[in-house]
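Chain A is the first sequence line, chain B the second, and so forth, proteins listed ahead of strands; every chain is numbered from 1.
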Number of protein chains: 2
Amino acid sequence: MSKYVFGVDVGGTTVKLGLFDKDGELLDKWEVPTKTENGGEKILPDVAASIQRKMKEKSIRKDEVIGVGLGAPGPIDAEGTVYVAVNLGWGTFSIRDTLSGLLDMKVKAGNDANVAALGEMWKGGGKGCKNLVAVTLGTGVGGGIIVNGEILTGTSGAGGEIGHIHVQDGETEVCGCGNTGCLEEYASATGIVRLARRALESTSEPSILRNRPVETLSAKAVFDAVKENDAVAIQIAEKFGEYLGKGLGVIAGVVNPEIFVIGGGVSKAGDILFDYIKPYFDKTVFKGCKNVEFALATLGNDAGIYGAAKLVLE
Amino acid sequence: MSKYVFGVDVGGTTVKLGLFDKDGELLDKWEVPTKTENGGEKILPDVAASIQRKMKEKSIRKDEVIGVGLGAPGPIDAEGTVYVAVNLGWGTFSIRDTLSGLLDMKVKAGNDANVAALGEMWKGGGKGCKNLVAVTLGTGVGGGIIVNGEILTGTSGAGGEIGHIHVQDGETEVCGCGNTGCLEEYASATGIVRLARRALESTSEPSILRNRPVETLSAKAVFDAVKENDAVAIQIAEKFGEYLGKGLGVIAGVVNPEIFVIGGGVSKAGDILFDYIKPYFDKTVFKGCKNVEFALATLGNDAGIYGAAKLVLE
């Protein structure tokens, strides 16, 4: 009687693990360190050992486990093969076959952002939807697209990499990906700081944002200032909203989602983000794709383990 | 022993029909007029009657027919319901249930551009691929996206409507969709004429394109002039390539396809289009999604009946 499923979210410093029942109730969660040395060769054996320890602790038999889902940073195709995950030291190999060999269980694997999107669809901000775009506004901008309940993996596992769509010509600063003018350069936490720096330099208008050491300028500081009606902060939020709103408008025109679920550190600013994103979205999106909800992500750092568990249940 | 399938492509003036074997061999094709009067109430009965006549003519029994696939212009969801198809006079109803009721056969229906994309994947320019974006450069710009062998329909049947992604701020002429700055305003046959008109007005440089009545200016004339090294025409082609190349770069970043298949009247210019599209695509696309092929559509006006047939075989 299979009734349990494990969800694993491999990060650069820790691996998060969750034990779920098959309805998606989180029964237990814990972490182990990520050992990236020697090409990350210990990561999957550590995951397997940790799962086996947990099964022993809870007296769970192998035939009670449906399988193990795993998300990791890097391009991972629909068959569970990863193609170089720099942060983990991994080259190219089958996560599915390796972990399945260690545990003798069904294993599925996917890109961490895509898997987190699946988690938000299953139990988070997009619950009940089958066509969803998850947008993670963190240090970078990540994304995951769910079409008809399934992850849009793409040909080389790079589906939903919306942080690097080109939104601005003539940008002089180079994005982490090597291009210029990527959405990430304006809509990530660091991108918002870039917009803030530029706005503060371009005017001598008074602003709360000036009354602090420049190195403490953050996305949070900007949106806190917006909430206090700071004119310069509002101008920065407008720029942010223009880039992100137009970018999401294009994405909506391509995949016609039911909902955008916005997560990551920047989303802690709350619903006020939508006040700046939506007007630009509404103005530019194709009318046939305009009817989209905007919601905040609700699972936080647990989205990855939820989505990984769901991966096996599909 | 089911071995035949019918593919139907409903257009504003004629309905194209094809009889295929289940391997996709086109055995016969023919047309009937599209009667759009009275809310297009005759269209599906005419389709049904035409299929029944063909079955009689070829002595095909009903149990030998796998089913009927149909593509039509308008938003059609994954269940085969159309939501207002202005060109046909249709309101909202289930094409699948109506036609299936008339024929007592399995019926599937989809948006014509999406269905044509499926046709190009099956037997056309994208043969052998499972992740494909079809781009139709005609009077407008249409599109269809295939993910893992299946049509990306989207929430309201508007998936792949790439002609209306916003690519330019500050455009003063309004697109057919009511917005401004849509890809269609620059990359369609009429869009290219718009770019040509603007280029000719902005300079007095000599050009082959001036030696003709302005009303005969066409996308074909522009690319013919490009092939003769006409400097103004090349400048127009560059603009066209910039808009389309950057637009396709964004689309690639979202859905990570294996191939773009370019069809429609403009594509008759041939491979020379790619010389203008690719440099802008390469410059702006996310590197993880850069490895995309560009091919010309090969099925022409038959893409719709091929794709419709494939719809039933899935």
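- Interface remark: A:K130 contributes no atoms to any contact with chain B (heavy atom separation under 4.5 Å).
- Taking NE2 of A:H166 as the reference point, atom NZ of B:K283 lies at 7.5 Å (rounded to 0.5 Å).
- Atom NZ of B:K290 sits in a crowded spot, with more than 12 heavy atoms from other residues, nucleotides or ligands closer than 6.0 Å.
- Counting only N and O atoms by type, the side chains of B:S156 and A:N291 include no donor and acceptor under 3.5 Å apart.
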Exercise. Verify side chain to side chain contact (heavy atoms under 4.5 Å, CB included) between A:V133 and B:V254, making sure each step is shown before the conclusion.
Key: CA-CA 10 Å; A:V133 176; B:V254 177; over 6 Å; no
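- Residue B:E242 comes nearest to A:D169 through the heavy atom pair OE2-OD2, 4.1 Å, listed as atom of the first residue, atom of the second, then distance.
- No other option in B:N131, B:N256, B:T153 has as many heavy-atom pairs under 4.5 Å with chain A as B:N256.
- Most heavy-atom pairs under 4.5 Å with chain A, from the set B:G159, B:G163, B:C175, B:C182: that is B:G159.
- More than 12 heavy atoms of other shown residues, nucleotides or ligands fall within 6.0 angstrom of atom CD in A:Q168.
- For A:E184, no part lies near chain B; criterion is any non-hydrogen pair under 4.5 Å.
- Within a 6.0 Å sphere centred on NZ of A:K106, heavy atoms belonging to other residues, nucleotides or ligands number more than 12.
- Per-residue heavy-atom pair counts under 4.5 Å with chain A were compared for B:G154, B:A158, B:A78, and the maximum is reached by B:A158.
- In this model, no donor atom of one side chain and acceptor atom of the other lie less than 3.5 Å apart for A:T284 and B:N179.
- In terms of heavy-atom pairs under 4.5 angstrom with chain A, the leader among B:I162, B:V255, B:V147 is B:V255.
- Looking at A:V167, there are no atoms closer than 4.5 Å to chain B (heavy atoms on both sides), in backbone or side chain.
- Counting heavy-atom pairs closer than 4.5 Å to chain A, the top-ranked of the candidates B:V292, B:V285, B:T180, B:I251 is B:V285.
- We find the CD1-CG distance between B:I145 and A:L152 to be 8.5 Å, quoted to the nearest 0.5 Å.
- For a residue to count as touching a neighbouring chain, one of its non-hydrogen atoms must lie under 4.5 Å from one of that chain's; by this rule B:P257 touches chain A with the backbone only.
- The CD atom of A:E150 lies 7.5 Å from the CD atom of B:E150; values are rounded to the nearest 0.5 Å.
- Within the model, atoms OG1 of A:T155 and CD1 of B:I259 stand 10.0 Å from one another, a figure rounded to the nearest 0.5 Å.
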